[in-house]
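Notes follow once the structure below has been shown.
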Amino acid sequence: MNRQLSERLLVIASLVTPGLRLADVGCDHGLLSLYLLGNQTVPYAIGMDLREGPLSRAQENAVREHLGDRIVFRLSDGLDAYEAGEADSLVIAGMGGQMMADILLREPEKTASFQELILEPQKDPDRVRAALRRLPFGITAERMVKEQGKYYPVIRAARSAPMATSGLGERIDDYYGPILLKNRDGVLKAFLDFREPALRRILDGLAAENAGKRRQFEQALEDIETIRRYFSCGCQS
């Protein structure tokens with residue numbers, strides 16, 4: 001397959017275990033699934049999306065790539081149209097963290113039937129990592145990608161694996177990623193440099209009487225300082 005993926009989708013693809021059957025929720029035009037099928041990474045895929053338009057384009061793309069016999073597409077809200085046991089690897093990408101957490105927790109028996117989850121929240125990554133603690137999955141790999149000026153975490157979780165931790169506490173681990181923190185990831189460091197001044201600008205613009213909101217941003221800035229100290233010391237928590 002000659003179709004080129006974005007760097008974000010390539011990172012997601014790199015975390016899918018070869019040989020596993022794929023379920024792609026929010027598949028859009030099916031580019032990720034078709035890439036993995038075309039490269040012989042996965043033998044079979046199910047592409048699901050809430051919108052008929054993208055699914056129609058995905059089906060056209062599958063026919064064009066001569067992969068239509070190895071992928072099926074379903075109109076589905078999350079995993080609603082999925083039956084447990086049909087696939088081994090679940091990819092959910094390109095949506096907010098709260099929506100992603102809702103999908104994972106809505107029918108936990110379906111989520112628990114997968115061997116691995118590859119998750120790429122566009123925002124609120126803490127909601128996703130917190131949801132994993134309520135499921136039989138532990139984080140085994142994390143990557144962070146900068147694409148078109150935005151930062152995207154990509155999380156791989158495996159069934160029955162222990163939950164990774166940086167030792168900095170759940171709040172910091174959930175938002176920034178325990179493995180990214182332990183690895184002192186360079187893109188995560190760049191994200192901190194990007195996020196800190198943005199938080200300070202918001203804090204400076206908040207009225208003094210908005211104490212609750214101010215404390216929220218002060219805590220976020222304190223967390224960044226904690227991470228910077230952790231990165232500087234070179235120690236293992």
Side-chain angles (χ1 to χ4, degrees), residues 5-12 14-15 25-26 28 50 91-105 117-134 139 141-157 163-237:
L5 297 186
S6 68
E7 183 179 359
R8 178 179 63 88
L9 289 180
L10 283 172
V11 169
I12 295 169
S14 74
L15 292 178
V25 169
D28 196 46
L50 189 59
V91 170
I92 311 180
M95 65 183 70
Q98 184 60 62
M99 182 180 295
M100 193 173 291
D102 290 344
I103 290 171
L104 294 172
L105 296 172
L117 312 174
I118 315 296
L119 309 167
E120 183 270 300
Q122 302 271 301
K123 62 178 183 177
D124 300 326
D126 52 322
R127 308 289 178 86
V128 176
R129 294 187 180 100
L132 291 175
R133 285 200 304 274
R134 298 173 58 185
I139 296 173
E142 292 180 312
R143 296 278 301 278
M144 181 169 266
V145 184
K146 183 182 181 183
E147 186 174 274
Q148 297 182 344
K150 296 182 179 180
Y151 292 86
Y152 302 98
V154 185
I155 304 160
R156 180 188 183 273
M163 179 60 76
T165 176
S166 71
L168 296 177
E170 281 186 2
R171 183 182 64 253
I172 292 178
D173 277 359
D174 283 355
Y175 196 88
Y176 295 101
I179 295 178
L180 291 172
L181 290 162
K182 289 192 75 169
N183 291 344
R184 292 163 172 81
D185 183 83
V187 184
L188 175 59
K189 291 179 181 179
F191 175 61
L192 296 178
D193 292 339
F194 168 82
R195 189 166 193 251
E196 183 176 10
L199 291 172
R200 292 195 185 281
R201 286 193 297 271
I202 296 171
L203 181 60
D204 290 344
L206 286 174
E209 59 269 19
N210 197 344
K213 204 70 172 176
R214 288 186 63 85
R215 181 56 195 148
Q216 177 183 334
F217 285 96
E218 288 168 352
Q219 182 65 71
L221 288 166
E222 290 171 13
D223 288 347
I224 289 175
E225 182 57 33
T226 297
I227 295 168
R228 292 197 191 281
R229 289 196 300 270
Y230 175 72
F231 283 178
S232 297
C233 75
C235 55
Q236 296 294 323
S237 295

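Worth knowing before you read on, the calculation uses all heavy atoms, side chains too, and leaves out hydrogens, waters and symmetry mates.
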Point to revise | salt bridge (Lys or Arg N to Asp or Glu O under 4.0 Å) partners for Asp174, two or more places apart | key: Arg133
Exercise for review: Kindly compute the distance separating CD (Glu147) from CG (Leu10), expressed to the nearest 0.5 Å.
Suggested key: 9.0 Å
Study note, to complete from the structure: Between Leu168 and Ile172 the two heavy atoms that sit nearest each other are O-CD1, 3.8 Å
Check your understanding: What are the two closest non-hydrogen atoms of Ala131 and Ala101, and how far apart are they?
Key -> CB-CB, 3.9 Å
Check your understanding: How far does CG of Leu50 sit from CG of Asp28, to the nearest 0.5 angstrom?
Key -> 12.0 Å
Practice item. Kindly indicate, with the supporting measurements, whether the criterion side chain to side chain contact (heavy atoms under 4.5 Å, CB included) is fulfilled by Gln148 and Ser6. Key: CA-CA 10 Å; Gln148 297 182 344; Ser6 68; over 6 Å; no
Point to revise | Taking every non-hydrogen atom, the tightest pair across Ala220 and Arg195 | key: CB-NH1, 4.2 Å
Study note, to complete from the structure: Residues passing the side-chain contact (heavy atoms from CB on, under 4.5 Å) test with Ala141, sequence neighbours excluded, are Leu15, Arg156
**Study point:** side-chain hydrogen bond (donor to acceptor under 3.5 Å, both in side chains) against Asn183, all qualifying residues, sequence neighbours excluded
**Key:** none
Review point. Going through the checks in order, is the side chain to side chain contact (heavy atoms under 4.5 Å, CB included) test met by Leu132 and Ile155?
Key: CA-CA 11 Å; Leu132 291 175; Ile155 304 160; 4.2 Å; yes
Review point. With sequence neighbours excluded, what pairs up with Asp126 under the side-chain hydrogen bond (donor to acceptor under 3.5 Å, both in side chains) test?
Key: none
Practice item. Using a strict 4.0 Å threshold on nitrogen-to-oxygen distance, state whether Arg228 and Asp193 make a salt bridge. Key: yes
**Study point:** Residue list, side-chain contact (heavy atoms from CB on, under 4.5 Å) with Leu221, at least two apart or on another chain
**Key:** Glu196, Leu199, Arg200, Leu203
Exercise for review: Return the set of residues passing ring pair (Phe, Tyr, Trp, His ring centres under 6.0 Å) with Tyr151 (not counting sequence neighbours), or none when no residue passes.
Suggested key: Phe191, Phe194
Check your understanding: How long is the gap from CG on Asp223 to CD on Glu218, to the nearest 0.5 Å?
Key -> 12.0 Å
Study note, to complete from the structure: What one should report as the nearest heavy-atom pair of Ile179 and Glu142 is N-OE1, 2.8 Å
Point to revise | Listed partners of Asp185 passing side-chain contact (heavy atoms from CB on, under 4.5 Å), at least two apart | key: Met144, Leu180, Val187, Leu188
Check your understanding: Any salt bridge between Arg129 and Asp173, counting N to O under 4.0 Å?
Key -> no
Exercise for review: Output all residues satisfying side-chain contact (heavy atoms from CB on, under 4.5 Å) with Gln122, sequence neighbours left out; order by chain, then residue number.
Suggested key: Arg8, Glu120, Tyr152
Review point. Roughly how far apart are Ile103 CD1 and Leu117 CG, rounded to 0.5 Å?
Key: 12.0 Å
Study note, to complete from the structure: Residue set satisfying side-chain hydrogen bond (donor to acceptor under 3.5 Å, both in side chains) with Glu222, at least two apart, ordered chain then number -> Arg215
Practice item. Please assess Leu104 against Ile92 for the test side chain to side chain contact (heavy atoms under 4.5 Å, CB included), listing each intermediate value before the final yes or no. Key: CA-CA 9 Å; Leu104 294 172; Ile92 311 180; 3.9 Å; yes
Point to revise | Under the salt bridge (Lys or Arg N to Asp or Glu O under 4.0 Å) test, residues paired with Asp102 that sit two or more places apart | key: none
**Study point:** Atom pair NZ (Lys213) and CD (Gln216), whose distance is rounded to the nearest 0.5 Å
**Key:** 4.5 Å
Check your understanding: Does CE in Met163 sit with more than 12 non-hydrogen atoms of other residues, nucleotides or ligands closer than 6.0 Å?
Key -> yes
Exercise for review: Can you see which heavy atom on Phe231 is nearest to which on Leu181, and at what distance?
Suggested key: CE2-O, 3.4 Å
Point to revise | Arg184 side chain to Tyr230 backbone, donor-acceptor under 3.5 Å | key: yes
Point to revise | With Asp124 via salt bridge (Lys or Arg N to Asp or Glu O under 4.0 Å) - residues at least two apart | key: none
Check your understanding: What's the shortest heavy-atom distance between Pro153 and Pro125, and which atoms?
Key -> CG-CB, 4.0 Å
Review point. Are side-chain heavy atoms of Lys146 and Glu7 found at a separation under 4.5 Å?
Key: no
Review point. Does any pair with a residue in residues 163-185 pass ring-ring contact (aromatic ring centres under 6.0 Å, His included), and if so which ones, sequence neighbours excluded?
Key: none
Point to revise | Test side chain to side chain contact (heavy atoms under 4.5 Å, CB included) applied to Val154 and Leu119, step by step | key: CA-CA 6 Å; Val154 185; Leu119 309 167; over 6 Å; no
Review point. If you measure from OG on Ser14 to CG on Leu9, what distance do you get to the nearest 0.5 Å?
Key: 11.0 Å
